[in-house]
Amino acid sequence: VPPPPPPALIDEEEHYEVERILKSEYKKVGQKRLLQFFIKWQGYSNEHNSWSWLEDVAGAPEALADFYKQFPRAAGHKDWKQQLAALDEA
């Protein structure tokens, strides 16, 4: 089994490629409910799947759209596009 690929360096920060999104849920953080996703990372085994915040997968809009097309009632289905747009404005 070949080793997983190294992360891409963008502006000296490590970035991993999303293969697909498996689940979504809201998590309460302080007074806010934040949207997070369970991610299958490109080139990594399932044991490396992990939860990531929307802002961490914002660079994979196709994966987000595919996920909500496959799971139209998943957490965040009504407002993920609005939240993603708000991240772009910040």
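For reference, positions follow the sequence shown, starting with 1.
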Hydrophobic cluster identity match, Val57 and Phe38, side-chain contacts under 4.5 Å: no

Would you say Leu35 ends up clustered with Leu87 if hydrophobic residues are merged whenever their side chains have heavy atoms under 4.5 Å apart, either directly or through other cluster members? yes

Working to the nearest 0.5 Å, report the span between [atom1] of [X] and [atom2] of [Y].
{"X": "Leu34", "Y": "Leu54", "atom1": "CG", "atom2": "CG", "value": "9.5 Å"}
{"X": "Tyr16", "Y": "Tyr44", "atom1": "OH", "atom2": "OH", "value": "5.0 Å"}
{"X": "Leu9", "Y": "His15", "atom1": "CG", "atom2": "NE2", "value": "8.5 Å"}
{"X": "Leu64", "Y": "His77", "atom1": "CG", "atom2": "NE2", "value": "14.5 Å"}
{"X": "Gln36", "Y": "Ile21", "atom1": "CD", "atom2": "CD1", "value": "12.0 Å"}
{"X": "Lys81", "Y": "Asp79", "atom1": "NZ", "atom2": "CG", "value": "12.0 Å"}

Qualifying salt bridge (charged side-chain N to carboxylate O under 4.0 Å, His left out) pairs with a residue from residues 28-40, counting only residues at least two apart or across chains: Glu19-Lys40

Atom of [X], atom of [Y] and distance for their closest heavy-atom approach:
{"X": "Phe67", "Y": "Ser24", "answer": "CE2-OG, 3.6 Å"}
{"X": "Ser52", "Y": "Asp56", "answer": "CB-CB, 4.0 Å"}
{"X": "Lys23", "Y": "Trp51", "answer": "CB-CH2, 4.0 Å"}
{"X": "Ala75", "Y": "Tyr26", "answer": "CB-CD1, 4.1 Å"}

Can you list the steps and then say if Trp53 with Val29 is a side-chain contact (heavy atoms from CB on, under 4.5 Å)? CA-CA 11 Å; Trp53 302 111; Val29 178; 3.8 Å; yes

Hey, does Leu22 have a side-chain heavy atom less than 4.5 Å from the side chain of Ile39? no

